[in-house]
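In what follows, a structure is listed as structure tokens, so that the remarks can point back to it.
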Amino acid sequence: MTRLDDPGAYAIDASGMFGHIEKLGEEFERAWLASLSLGVPGASYDSVVIAAMGGSAAAGDYFAAHSDKQAPIPIEVVRGYSLPAYAGPRTLVVALSYSGATEESLSCYREARMRGASVMAISTGGELARRAEADGIHWHRIAYASPPRAALGHTLAALMRIGQRLGLNALCDPDVADVAQAHRELVRGHVGRKVAAERNPAKQLAELLAEADPLVVLAAEHLAPVGRRTKNQFAENAKAVAVFEEVPEATHNFVVGLETGQVAHPVGLAFTSPKASVGNQRRFELLSGIFDTLGGAMAGLPTRGISRLADQFEATAWGDHLSCYLALLRGVDPTPTPSLQRVRAAMAQETARRA
């Protein structure tokens, strides 16, 4: 019996990360219903900017990628301290911070107010909520206790509701139910911890990832945000280094680096969808051949194409479970992120010193 089939192996998951990743679809559906009360200032904008970092920014990426085929205005995710030059009175700036204490998001919030942009805030509370309440700004509370990266269903639901209200997407309740069901079916029937390894491709693949050098996550189009987040999930959950490359761009440069012969055992994880363009489907085939030639392997992580959003959630289930299974195999609790805590503490001390 593989270690991943041993219930005792999951004792290391002391903070319950597996519980969070297993119910992502259900939490998204719950948060979607809760977002009915969300208020959106104004009705017409020339652009939308989502100011966020880390797990919160991933929700912005999902939202922007899902909406790009329908939205009549651009949606940009800003990971940093400053807004783009165009952001002004005709821009809606959504300051998104799970904790409400992310200094980059707070900086963008201040700048948006100074420029006369319309502003919204999304958080569990914290300084961002305090400022929004003091300024009379629309504020939506995230009602879910977890590490920020595990609150994706709640942060994304709020953004999707904003998009619906502004006509940036046509998401409706049956669509959300389909997304939740797609995620639930994949977890319960294929990749979840209760599915035995002999029938669980995620457990089988996780056993091979320890040999990867390098581990490369590949994705295209609406699944590109999932690829980027999965790279981060390997970092935060498994405490392992992975890289993300977006297709087709990866086939215009990254593949040359693989051909130097200085990689020991390249392993690619490719998120695939029947909704992807024919050109990108062909490029994934070519990439698989390159990995084989180099003595490595590329595994396809398929989605069913029920919808773009359902694809994103199915792909997320793959990435979440692979990263958490690898954490167990490496003997680490998926939840703690001590390096991030050290950086935050150091930045807080510096900010206090300058105050």
Side-chain angles (χ1 to χ4, degrees), residues 31-32 34-143 148 151-152 154-171 225 228-229 347 351 354-355:
W32 172 254
S35 71
L36 276 170
S37 61
L38 187 150
V40 180
S44 179
Y45 298 101
D46 292 338
S47 57
V48 173
V49 172
I50 301 162
M53 300 295 299
S56 297
D61 290 339
Y62 280 46
F63 168 60
H66 176 267
S67 303
D68 70 355
K69 299 296 185 184
Q70 304 172 52
I73 59 175
I75 302 168
E76 181 173 356
V77 180
V78 170
R79 289 173 164 87
Y81 291 92
S82 300
L83 297 172
Y86 64 77
R90 296 284 298 170
T91 301
L92 173 63
V93 176
V94 182
L96 173 56
S97 166
Y98 177 86
S99 67
T102 307
E103 65 177 60
E104 297 93 336
S105 300
L106 290 168
S107 175
C108 288
Y109 174 92
R110 288 193 298 270
E111 188 175 346
R113 295 275 294 159
M114 291 175 59
R115 294 199 198 177
S118 293
V119 185
M120 293 186 66
I122 301 173
S123 75
T124 57
E127 179 65 12
L128 180 59
R130 187 193 68 78
R131 292 187 188 182
E133 289 181 340
D135 295 336
I137 295 297
H138 288 266
W139 170 56
H140 179 72
R141 182 190 296 276
I142 301 168
L152 175 66
H154 288 257
T155 49
L156 179 57
L159 292 176
M160 296 299 289
R161 183 68 74 178
I162 293 170
Q164 182 202 52
R165 296 268 166 86
L166 295 179
L168 307 182
N169 65 63
L171 194 67
R228 179 172 184 167
R229 180 178 179 273
M347 291 299 296
T351 299
R354 292 179 178 179

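Residue numbers start at 1 and run along the sequence shown. No hydrogens, no waters, no symmetry mates; every other heavy atom, side chains included, goes into these values.
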Non-hydrogen atoms of [X] and [Y] that approach each other most closely:
X: P84; Y: R115; answer: O-NH1, 2.6 Å
X: L128; Y: A95; answer: CD2-O, 3.4 Å
X: A59; Y: T155; answer: CB-OG1, 3.3 Å
X: V119; Y: I137; answer: O-CG2, 3.2 Å
X: G39; Y: M120; answer: O-CE, 3.1 Å

Distance-only check: which donor-acceptor pairs under 3.5 Å involve side-chain atoms of residues 63-72, not counting sequence neighbours?
unit_1: S67; atom_1: OG; unit_2: F63; atom_2: O; d: 2.9
unit_1: D68; atom_1: OD1; unit_2: R308; atom_2: NH2; d: 2.8
unit_1: Q70; atom_1: OE1; unit_2: A170; atom_2: N; d: 2.9

To the nearest 0.5 Å, how far apart are [atom1] in [X] and [atom2] in [Y]?
X: L38; Y: L36; atom1: CG; atom2: CG; answer: 9.5 Å
X: Y98; Y: L152; atom1: OH; atom2: CG; answer: 12.5 Å
X: D135; Y: R110; atom1: CG; atom2: CZ; answer: 11.5 Å
X: R165; Y: R161; atom1: CZ; atom2: CZ; answer: 5.5 Å
X: H154; Y: I142; atom1: NE2; atom2: CD1; answer: 9.0 Å
X: L168; Y: I75; atom1: CG; atom2: CD1; answer: 5.0 Å

Exercise. Can you tell me if S97 and S105 form a side-chain donor-acceptor pair at under 3.5 Å?
Worked result: no

Problem set entry | Validation row: P41, L92 side chains within 4.5 angstrom (heavy atoms) | yes

Exercise. Quick one: are V40 and H138 in side-chain contact, heavy atoms under 4.5 Å?
Worked result: no

For this session: Any chance you could lay out the side-chain contact (heavy atoms from CB on, under 4.5 Å) test for W32 and Q164, step after step, and finish with the verdict?
Result: CA-CA 11 Å; W32 172 254; Q164 182 202 52; 3.7 Å; yes

Problem set entry | Y86 vs E76, side-chain hydrogen bond (donor to acceptor under 3.5 Å, both in side chains): CA-CA, chis, key distance, verdict | CA-CA 11 Å; Y86 64 77; E76 181 173 356; 2.6 Å; yes

For this session: Take E111 and Y81 through the test side-chain contact (heavy atoms from CB on, under 4.5 Å) and record every step on the way to the result.
Result: CA-CA 9 Å; E111 188 175 346; Y81 291 92; over 6 Å; no

Which atom pairs, one a donor and one an acceptor, fall under 3.5 Å between side chains of residues 46-54 and the rest of the protein, sequence neighbours left out?
unit_1: D46; atom_1: OD1; unit_2: R90; atom_2: NH2; d: 3.3
unit_1: D46; atom_1: OD2; unit_2: R90; atom_2: NE; d: 3.3
unit_1: S47; atom_1: OG; unit_2: T91; atom_2: OG1; d: 2.8

Problem set entry | Lys/Arg-Asp/Glu bridge criterion (N-O < 4.0 Å) met for R229, D61 |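 No.
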
Problem set entry | Donor-acceptor under 3.5 Å (N169 side chain, L171 main chain) | yes

Exercise. Are the side chain of S123 and the backbone of G100 linked by a donor-acceptor contact shorter than 3.5 Å?
Worked result: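 Answer holds: no.
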
For this session: Show your reasoning for whether side-chain contact (heavy atoms from CB on, under 4.5 Å) applies to V93 and V78.
Result: CA-CA 10 Å; V93 176; V78 170; over 6 Å; no

